[in-house]
Amino acid sequence: MKVLVVGKGGREHAFTRALLSSPSVSQVYALPGSAGMGESVRLLAGPETPERLAEAHTEHAFDLVVVGPEVPLVNGVADRLREDGALVFGPDQQGAQLEGSKIFSKEFMEKYNVPTARFQVVTSLEQVKEFAPQFEPPYVLKADGLAGGKGVFICRTLDELLEAADQLFNDKILGEAGARALLEQFQPGYELSFFVLTNGTDFVSLPMAQDHKRLQDNDEGPNTGGMGTVAPMTIAPENHQAIIDQVVNPTVQGLASEGFVYRGVVFIGIMMTDEGPQVLEYNVRFGDPETQVLLPLLDGDWGEALKAIASGEVPSLNWKDAHAACVVLAAQNYPGTPVKGVAIEGSLADSENQYFLHAGTEKSSEGWLVNGGRVLNAIGMGDSLAQAIERAYEQSKKVKWPGLQKRTDIGKKSPQPK
Ligand code: GLY
(Lines give C-alpha, C1' and ligand atoms only; values in the text may rest on other atoms or scores of the structure.)
Protein backbone atom coordinates (compact mmCIF):
# COMPACT_ATOMS: atom_id res chain seq x y z
CA MET A 1 0.00 0.00 0.00
CA LYS A 2 1.23 3.52 -0.86
CA VAL A 3 0.48 5.93 1.97
CA LEU A 4 0.77 9.71 2.00
CA VAL A 5 1.22 11.59 5.27
CA VAL A 6 0.26 15.26 5.12
CA GLY A 7 2.34 17.53 7.38
CA LYS A 8 5.93 17.98 8.47
CA GLY A 9 6.29 18.02 12.28
CA GLY A 10 7.12 15.55 15.02
CA ARG A 11 3.62 14.03 14.87
CA GLU A 12 3.98 13.37 11.17
CA HIS A 13 7.47 11.89 11.68
CA ALA A 14 5.88 9.54 14.23
CA PHE A 15 3.36 8.56 11.53
CA THR A 16 5.98 7.93 8.84
CA ARG A 17 8.06 5.88 11.28
CA ALA A 18 5.04 3.78 12.29
CA LEU A 19 3.99 3.30 8.66
CA LEU A 20 7.49 2.31 7.56
CA SER A 21 7.33 -0.53 10.07
CA SER A 22 3.81 -1.61 8.98
CA PRO A 23 3.89 -4.79 6.87
CA SER A 24 0.89 -3.52 4.85
CA VAL A 25 2.80 -0.44 3.67
CA SER A 26 5.20 -0.58 0.72
CA GLN A 27 5.92 3.13 0.20
CA VAL A 28 5.52 6.14 2.47
CA TYR A 29 5.20 9.64 1.03
CA ALA A 30 5.03 12.92 2.94
CA LEU A 31 3.79 16.32 1.80
CA PRO A 32 5.75 18.43 2.54
CA GLY A 33 7.42 16.18 5.14
CA SER A 34 10.94 16.86 6.32
CA ALA A 35 14.43 15.51 5.64
CA GLY A 36 14.45 14.20 9.22
CA MET A 37 11.89 11.56 8.22
CA GLY A 38 14.74 9.73 6.50
CA GLU A 39 15.56 8.61 3.01
CA SER A 40 12.90 5.90 2.89
CA VAL A 41 10.17 8.55 2.89
CA ARG A 42 9.49 10.16 -0.47
CA LEU A 43 8.96 13.90 0.01
CA LEU A 44 6.51 15.82 -2.18
CA ALA A 45 6.48 19.60 -2.36
CA GLY A 46 3.65 21.45 -0.58
CA PRO A 47 1.49 23.44 0.02
CA GLU A 48 -1.02 21.39 2.07
CA THR A 49 -4.01 22.70 0.09
CA PRO A 50 -6.95 20.72 -1.35
CA GLU A 51 -5.79 21.54 -4.90
CA ARG A 52 -2.18 20.46 -4.37
CA LEU A 53 -3.23 17.25 -2.60
CA ALA A 54 -5.70 16.36 -5.34
CA GLU A 55 -2.93 16.92 -7.88
CA ALA A 56 -0.51 14.71 -5.90
CA HIS A 57 -3.16 11.99 -5.63
CA THR A 58 -3.77 12.09 -9.39
CA GLU A 59 -0.04 11.67 -9.96
CA HIS A 60 0.72 8.98 -7.37
CA ALA A 61 -2.62 7.19 -6.77
CA PHE A 62 -2.16 6.77 -3.01
CA ASP A 63 -3.97 3.88 -1.36
CA LEU A 64 -4.39 5.96 1.80
CA VAL A 65 -3.93 9.60 2.78
CA VAL A 66 -3.33 10.40 6.46
CA VAL A 67 -3.81 14.07 7.31
CA GLY A 68 -1.70 15.15 10.30
CA PRO A 69 -2.52 18.82 11.07
CA GLU A 70 -5.87 20.55 11.54
CA VAL A 71 -5.50 23.39 9.05
CA PRO A 72 -5.78 21.25 5.87
CA LEU A 73 -8.82 19.48 7.39
CA VAL A 74 -10.52 22.78 8.21
CA ASN A 75 -9.74 23.83 4.63
CA GLY A 76 -11.52 20.76 3.25
CA VAL A 77 -8.72 18.50 1.98
CA ALA A 78 -10.56 15.33 3.04
CA ASP A 79 -13.70 16.36 1.10
CA ARG A 80 -11.65 17.21 -2.00
CA LEU A 81 -9.68 13.95 -1.95
CA ARG A 82 -12.80 11.83 -1.33
CA GLU A 83 -14.44 13.42 -4.37
CA ASP A 84 -11.54 11.90 -6.31
CA GLY A 85 -12.09 8.49 -4.72
CA ALA A 86 -9.18 8.61 -2.25
CA LEU A 87 -9.28 6.83 1.10
CA VAL A 88 -8.61 9.55 3.67
CA PHE A 89 -7.93 9.38 7.39
CA GLY A 90 -9.44 12.66 8.59
CA PRO A 91 -12.89 14.25 8.91
CA ASP A 92 -14.70 16.33 6.34
CA GLN A 93 -14.71 20.12 6.52
CA GLN A 94 -17.94 20.27 8.53
CA GLY A 95 -16.66 17.81 11.13
CA ALA A 96 -13.35 19.70 11.29
CA GLN A 97 -15.29 22.71 12.60
CA LEU A 98 -15.20 20.95 15.96
CA GLU A 99 -11.63 22.24 16.12
CA GLY A 100 -11.86 25.09 13.60
CA SER A 101 -14.39 27.00 15.71
CA LYS A 102 -14.38 26.83 19.51
CA ILE A 103 -17.90 28.31 19.50
CA PHE A 104 -19.20 25.64 17.09
CA SER A 105 -17.62 23.03 19.30
CA LYS A 106 -19.19 24.38 22.54
CA GLU A 107 -22.60 24.53 20.84
CA PHE A 108 -22.13 20.91 19.73
CA MET A 109 -21.30 19.91 23.33
CA GLU A 110 -24.40 21.70 24.63
CA LYS A 111 -26.59 20.07 21.98
CA TYR A 112 -25.38 16.55 22.76
CA ASN A 113 -25.07 16.95 26.55
CA VAL A 114 -21.31 16.57 26.67
CA PRO A 115 -20.07 17.98 30.00
CA THR A 116 -18.05 21.18 29.62
CA ALA A 117 -17.44 24.43 31.51
CA ARG A 118 -20.12 27.08 31.26
CA PHE A 119 -19.34 29.82 28.78
CA GLN A 120 -20.38 33.05 27.13
CA VAL A 121 -19.64 34.08 23.54
CA VAL A 122 -17.92 37.49 23.47
CA THR A 123 -16.90 39.75 20.59
CA SER A 124 -15.57 42.91 22.29
CA LEU A 125 -13.74 44.21 25.34
CA GLU A 126 -16.99 45.83 26.49
CA GLN A 127 -18.79 42.46 26.44
CA VAL A 128 -15.98 40.85 28.44
CA LYS A 129 -16.36 43.62 31.05
CA GLU A 130 -20.12 43.05 31.08
CA PHE A 131 -20.01 39.26 31.51
CA ALA A 132 -16.87 38.83 33.66
CA PRO A 133 -18.83 39.21 36.96
CA GLN A 134 -20.73 36.03 36.04
CA PHE A 135 -17.45 34.04 36.24
CA GLU A 136 -14.93 33.47 39.00
CA PRO A 137 -11.18 33.89 38.60
CA PRO A 138 -9.10 32.41 37.13
CA TYR A 139 -10.87 33.25 33.88
CA VAL A 140 -10.44 31.49 30.56
CA LEU A 141 -10.65 33.42 27.29
CA LYS A 142 -10.47 31.31 24.11
CA ALA A 143 -10.20 32.67 20.58
CA ASP A 144 -12.83 31.09 18.34
CA GLY A 145 -10.63 30.27 15.36
CA LEU A 146 -7.42 28.33 14.80
CA ALA A 147 -4.54 30.09 16.50
CA GLY A 148 -1.70 27.55 16.36
CA GLY A 149 -1.85 26.87 20.10
CA LYS A 150 -1.80 30.59 21.00
CA GLY A 151 -5.55 31.14 21.38
CA VAL A 152 -6.16 30.23 25.05
CA PHE A 153 -5.60 32.80 27.80
CA ILE A 154 -5.78 31.67 31.43
CA CYS A 155 -6.14 34.88 33.43
CA ARG A 156 -5.63 34.91 37.19
CA THR A 157 -7.24 38.32 37.72
CA LEU A 158 -9.84 40.56 36.12
CA ASP A 159 -7.04 42.93 35.01
CA GLU A 160 -5.29 40.08 33.19
CA LEU A 161 -8.59 39.11 31.55
CA LEU A 162 -9.24 42.65 30.34
CA GLU A 163 -5.70 42.93 29.01
CA ALA A 164 -6.10 39.66 27.07
CA ALA A 165 -9.46 40.84 25.71
CA ASP A 166 -7.90 44.16 24.68
CA GLN A 167 -5.13 42.32 22.79
CA LEU A 168 -7.63 40.02 21.12
CA PHE A 169 -10.38 42.46 20.12
CA ASN A 170 -8.58 45.81 19.85
CA ASP A 171 -4.97 44.93 18.95
CA LYS A 172 -6.28 41.93 16.94
CA ILE A 173 -3.16 39.91 17.77
CA LEU A 174 -4.74 36.77 16.30
CA GLY A 175 -6.49 38.51 13.41
CA GLU A 176 -9.81 37.00 12.30
CA ALA A 177 -9.25 33.93 14.56
CA GLY A 178 -9.74 36.23 17.56
CA ALA A 179 -12.71 38.23 16.27
CA ARG A 180 -15.02 36.11 18.45
CA ALA A 181 -14.11 34.29 21.64
CA LEU A 182 -15.40 32.23 24.53
CA LEU A 183 -15.30 33.49 28.08
CA GLU A 184 -15.27 30.31 30.09
CA GLN A 185 -15.23 29.18 33.71
CA PHE A 186 -11.84 27.70 34.69
CA GLN A 187 -12.15 24.24 36.19
CA PRO A 188 -9.52 22.75 38.47
CA GLY A 189 -8.52 19.13 38.10
CA TYR A 190 -6.02 17.07 36.15
CA GLU A 191 -5.83 17.11 32.40
CA LEU A 192 -5.58 14.16 30.06
CA SER A 193 -5.56 13.56 26.33
CA PHE A 194 -8.19 11.04 25.20
CA PHE A 195 -8.24 9.66 21.65
CA VAL A 196 -10.85 7.70 19.77
CA LEU A 197 -10.63 6.41 16.23
CA THR A 198 -14.06 6.64 14.69
CA ASN A 199 -15.87 5.99 11.43
CA GLY A 200 -18.51 8.54 12.47
CA THR A 201 -20.86 6.07 14.13
CA ASP A 202 -18.67 3.64 16.12
CA PHE A 203 -15.34 4.07 17.81
CA VAL A 204 -12.36 2.40 19.41
CA SER A 205 -10.45 4.18 22.14
CA LEU A 206 -6.68 4.43 22.44
CA PRO A 207 -4.52 4.47 25.56
CA MET A 208 -4.62 7.86 27.28
CA ALA A 209 -1.65 10.21 27.22
CA GLN A 210 -0.47 12.96 29.53
CA ASP A 211 0.80 16.18 27.96
CA HIS A 212 2.85 18.91 29.66
CA LYS A 213 1.76 22.18 28.10
CA ARG A 214 3.72 24.74 30.10
CA LEU A 215 7.25 25.59 29.05
CA GLN A 216 8.91 25.08 32.41
CA ASP A 217 9.06 22.49 35.18
CA ASN A 218 6.22 22.35 37.72
CA ASP A 219 3.83 23.61 35.06
CA GLU A 220 5.26 27.10 35.12
CA GLY A 221 5.92 29.56 32.31
CA PRO A 222 3.93 30.19 29.15
CA ASN A 223 1.67 27.70 27.40
CA THR A 224 3.20 25.79 24.50
CA GLY A 225 2.01 23.20 22.00
CA GLY A 226 3.30 20.58 24.45
CA MET A 227 6.75 20.05 25.98
CA GLY A 228 6.50 16.32 26.56
CA THR A 229 4.18 13.37 26.95
CA VAL A 230 3.91 9.95 28.52
CA ALA A 231 1.60 7.05 27.71
CA PRO A 232 -0.26 5.05 28.72
CA MET A 233 -1.69 7.28 31.43
CA THR A 234 -3.70 5.28 33.94
CA ILE A 235 -6.72 6.49 35.85
CA ALA A 236 -9.26 4.66 37.98
CA PRO A 237 -11.41 2.33 35.82
CA GLU A 238 -14.59 4.11 36.96
CA ASN A 239 -13.18 7.43 35.73
CA HIS A 240 -12.32 5.87 32.37
CA GLN A 241 -15.84 4.50 32.16
CA ALA A 242 -17.26 7.92 33.04
CA ILE A 243 -15.33 9.41 30.10
CA ILE A 244 -16.72 6.77 27.74
CA ASP A 245 -20.30 7.14 29.03
CA GLN A 246 -20.50 10.88 29.54
CA VAL A 247 -18.14 12.18 26.86
CA VAL A 248 -17.28 9.72 24.11
CA ASN A 249 -20.68 8.09 23.53
CA PRO A 250 -22.60 11.39 23.20
CA THR A 251 -19.80 12.88 21.10
CA VAL A 252 -19.86 10.03 18.59
CA GLN A 253 -23.68 10.05 18.57
CA GLY A 254 -23.43 13.76 17.78
CA LEU A 255 -21.05 13.14 14.87
CA ALA A 256 -23.54 10.65 13.45
CA SER A 257 -26.60 12.87 14.04
CA GLU A 258 -24.92 15.84 12.35
CA GLY A 259 -24.16 13.65 9.35
CA PHE A 260 -20.45 14.45 9.23
CA VAL A 261 -18.23 12.18 7.16
CA TYR A 262 -16.03 11.64 10.16
CA ARG A 263 -13.41 8.99 9.48
CA GLY A 264 -10.45 9.82 11.64
CA VAL A 265 -9.56 10.61 15.21
CA VAL A 266 -11.28 12.72 17.83
CA PHE A 267 -8.69 13.96 20.30
CA ILE A 268 -10.58 15.12 23.37
CA GLY A 269 -8.82 17.37 25.87
CA ILE A 270 -10.39 16.42 29.20
CA MET A 271 -10.18 17.94 32.66
CA MET A 272 -10.98 15.37 35.35
CA THR A 273 -12.69 17.40 38.05
CA ASP A 274 -14.37 16.52 41.34
CA GLU A 275 -17.63 16.53 39.36
CA GLY A 276 -16.30 14.11 36.73
CA PRO A 277 -14.88 14.62 33.23
CA GLN A 278 -15.28 18.02 31.57
CA VAL A 279 -14.33 18.58 27.94
CA LEU A 280 -11.81 21.37 27.43
CA GLU A 281 -11.70 21.06 23.67
CA TYR A 282 -12.07 18.79 20.68
CA ASN A 283 -9.28 18.36 18.18
CA VAL A 284 -9.92 16.66 14.87
CA ARG A 285 -6.38 15.34 14.47
CA PHE A 286 -3.88 13.46 16.59
CA GLY A 287 -2.03 15.38 19.31
CA ASP A 288 1.52 16.59 19.04
CA PRO A 289 3.47 15.32 21.01
CA GLU A 290 0.89 12.70 22.11
CA THR A 291 1.14 10.81 18.81
CA GLN A 292 4.83 10.29 19.41
CA VAL A 293 4.07 8.18 22.52
CA LEU A 294 0.88 6.47 21.33
CA LEU A 295 1.86 5.07 17.95
CA PRO A 296 4.78 2.94 19.22
CA LEU A 297 2.45 1.24 21.72
CA LEU A 298 0.32 -0.48 19.07
CA ASP A 299 0.89 -4.20 18.78
CA GLY A 300 -0.08 -4.30 15.13
CA ASP A 301 0.01 -2.55 11.78
CA TRP A 302 -0.84 1.19 11.73
CA GLY A 303 -1.29 1.08 7.95
CA GLU A 304 -4.12 -1.46 8.37
CA ALA A 305 -5.69 0.39 11.30
CA LEU A 306 -5.77 3.79 9.59
CA LYS A 307 -6.97 2.29 6.33
CA ALA A 308 -9.83 0.53 8.13
CA ILE A 309 -11.03 3.85 9.58
CA ALA A 310 -10.65 5.60 6.22
CA SER A 311 -12.76 2.80 4.69
CA GLY A 312 -15.54 3.27 7.27
CA GLU A 313 -14.64 0.30 9.48
CA VAL A 314 -13.50 0.30 13.09
CA PRO A 315 -10.49 -1.94 13.71
CA SER A 316 -9.90 -3.86 16.92
CA LEU A 317 -6.55 -2.84 18.33
CA ASN A 318 -4.08 -4.57 20.64
CA TRP A 319 -1.56 -2.71 22.72
CA LYS A 320 1.89 -3.66 23.92
CA ASP A 321 2.58 -4.00 27.59
CA ALA A 322 5.02 -1.10 27.34
CA HIS A 323 5.42 2.60 28.13
CA ALA A 324 6.63 5.53 26.05
CA ALA A 325 7.93 8.97 26.97
CA CYS A 326 8.67 12.00 24.82
CA VAL A 327 10.82 14.96 25.86
CA VAL A 328 10.53 17.96 23.55
CA LEU A 329 13.74 19.87 22.81
CA ALA A 330 12.77 23.41 21.89
CA ALA A 331 14.59 26.34 20.32
CA GLN A 332 15.76 29.44 22.13
CA ASN A 333 12.86 31.86 22.69
CA TYR A 334 10.11 29.27 22.02
CA PRO A 335 7.09 29.71 22.33
CA GLY A 336 7.87 33.23 21.11
CA THR A 337 9.70 33.66 17.81
CA PRO A 338 12.22 30.79 17.83
CA VAL A 339 15.87 31.39 17.01
CA LYS A 340 16.45 29.37 13.84
CA GLY A 341 19.49 28.45 11.76
CA VAL A 342 21.55 27.34 14.79
CA ALA A 343 23.64 24.16 14.36
CA ILE A 344 22.54 21.05 16.26
CA GLU A 345 25.63 19.48 17.80
CA GLY A 346 25.91 15.86 18.84
CA SER A 347 24.57 12.57 17.58
CA LEU A 348 21.13 11.87 16.18
CA ALA A 349 21.78 8.11 16.13
CA ASP A 350 18.86 6.01 17.29
CA SER A 351 17.95 2.54 18.49
CA GLU A 352 14.67 0.67 18.88
CA ASN A 353 14.01 1.96 22.39
CA GLN A 354 15.60 5.37 22.16
CA TYR A 355 15.35 7.69 19.20
CA PHE A 356 14.66 11.20 17.93
CA LEU A 357 11.72 12.38 15.91
CA HIS A 358 12.28 15.59 13.95
CA ALA A 359 9.79 18.37 14.69
CA GLY A 360 11.58 21.44 13.35
CA THR A 361 14.97 20.70 11.80
CA GLU A 362 16.63 21.39 8.48
CA LYS A 363 19.45 19.49 6.84
CA SER A 364 22.33 21.64 5.56
CA SER A 365 25.65 20.73 3.99
CA GLU A 366 27.22 21.17 7.45
CA GLY A 367 24.66 19.09 9.35
CA TRP A 368 21.31 19.56 11.08
CA LEU A 369 20.02 23.04 11.93
CA VAL A 370 17.25 24.32 14.20
CA ASN A 371 14.29 25.23 11.99
CA GLY A 372 11.26 25.54 14.26
CA GLY A 373 10.03 26.16 17.79
CA ARG A 374 9.87 22.52 18.81
CA VAL A 375 12.99 21.04 17.23
CA LEU A 376 13.44 17.41 18.25
CA ASN A 377 11.43 14.89 20.25
CA ALA A 378 13.54 12.51 22.34
CA ILE A 379 11.60 9.26 22.64
CA GLY A 380 12.18 6.52 25.18
CA MET A 381 10.39 3.17 25.29
CA GLY A 382 10.43 0.90 28.32
CA ASP A 383 8.82 -1.87 30.32
CA SER A 384 7.92 0.70 32.96
CA LEU A 385 7.12 4.40 32.90
CA ALA A 386 10.32 5.10 34.85
CA GLN A 387 12.42 3.24 32.28
CA ALA A 388 10.76 5.03 29.36
CA ILE A 389 11.38 8.42 30.99
CA GLU A 390 14.99 7.56 31.80
CA ARG A 391 15.63 6.52 28.21
CA ALA A 392 13.97 9.62 26.76
CA TYR A 393 16.14 11.85 28.95
CA GLU A 394 19.26 9.84 28.13
CA GLN A 395 18.47 10.35 24.44
CA SER A 396 17.80 14.06 24.96
CA LYS A 397 21.34 14.54 26.25
CA LYS A 398 22.88 13.41 22.96
CA VAL A 399 22.37 16.79 21.30
CA LYS A 400 22.75 20.44 22.20
CA TRP A 401 22.53 23.92 20.74
CA PRO A 402 22.66 27.42 22.23
CA GLY A 403 19.45 28.22 24.08
CA LEU A 404 18.03 24.66 23.94
CA GLN A 405 14.99 24.43 26.23
CA LYS A 406 13.51 21.28 27.76
CA ARG A 407 11.58 20.35 30.85
CA THR A 408 13.24 18.03 33.34
CA ASP A 409 10.03 16.70 34.90
CA ILE A 410 8.16 15.00 32.04
CA GLY A 411 6.03 12.15 33.41
CA LYS A 412 7.07 12.90 36.98
CA LYS A 413 3.92 14.64 38.13
CA SER A 414 3.34 13.33 41.58
CA PRO A 415 1.11 11.68 42.39
CA GLN A 416 0.17 10.17 39.03
CA PRO A 417 -3.62 10.13 39.02
CA LYS A 418 -4.87 6.59 39.52
N1 GLY B 1 -0.43 18.51 22.52
C2 GLY B 1 -1.63 19.20 22.34
C3 GLY B 1 -2.11 19.30 20.96
O4 GLY B 1 -1.65 18.62 20.08
O5 GLY B 1 -3.02 20.08 20.72
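Read the numbers this way: they start at 1 and go in the same order the structure lists the ligands and their atoms. Values below: all heavy atoms of this structure, side chains included; hydrogens, waters and symmetry mates excluded. Remember, predicted model here, so these are calculated numbers, not experimental data.
Within the listing of ligand 1, atoms 4 (O) sit less than 4.0 angstrom from a heavy atom of G287. Counting atoms of ligand 1 from 1 in the listed order, those under 4.0 Å from a heavy atom of G225 are 1 (N), 2 (C). Against a heavy-atom cut-off of under 4.0 Å, D211 is close to the following atoms of ligand 1: 1 (N), 2 (C).
Side-chain atoms of S24 and K307 include no donor-acceptor pair closer than 3.5 Å. For the residue pair T224 and K213, no side-chain donor N or O sits within less than 3.5 Å of a side-chain acceptor on the partner.
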Query raised in the report: Which is it for Y112 and F108 under the ring-ring contact (aromatic ring centres under 6.0 Å, His included) test, yes or no, and what are the steps along the way?
Result: CA-CA 6 Å; Y112 293 102; F108 177 96; 4.9 Å; yes
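The distance criterion of under 3.5 Å between nitrogen or oxygen atoms is not met by E281 with respect to ligand 1. For ligand 1, none of its N or O atoms has an N or O atom of N283 under 3.5 Å away. At least one N/O-N/O distance between E290 and ligand 1 falls below 3.5 Å.
Contact between F267 and ligand 1 is present, with at least one heavy atom of the residue lying under 4.0 Å from the ligand. Within the 4.0 Å heavy-atom cutoff, R285 counts among the residues contacting ligand 1.
Residues satisfying the ring-ring contact (aromatic ring centres under 6.0 Å, His included) criterion with H212, sequence neighbours excluded, are absent altogether.
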Acceptor/donor pairs from residues 193-202 side chains to any protein atom, 3.5 angstrom cut, sequence neighbours excluded:
residue	atom	partner	partner atom	Å
S193	OG	E290	OE2	2.7
T198	OG1	G200	N	2.9
T198	OG1	D202	O	2.7
N199	OD1	T201	N	2.9
N199	OD1	T201	OG1	3.1
N199	OD1	D202	N	2.8
N199	ND2	G312	O	3.0

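The existence of a salt bridge linking K8 and E12 is excluded, since no basic side-chain nitrogen approaches an acidic carboxylate oxygen closer than 4.0 Å.
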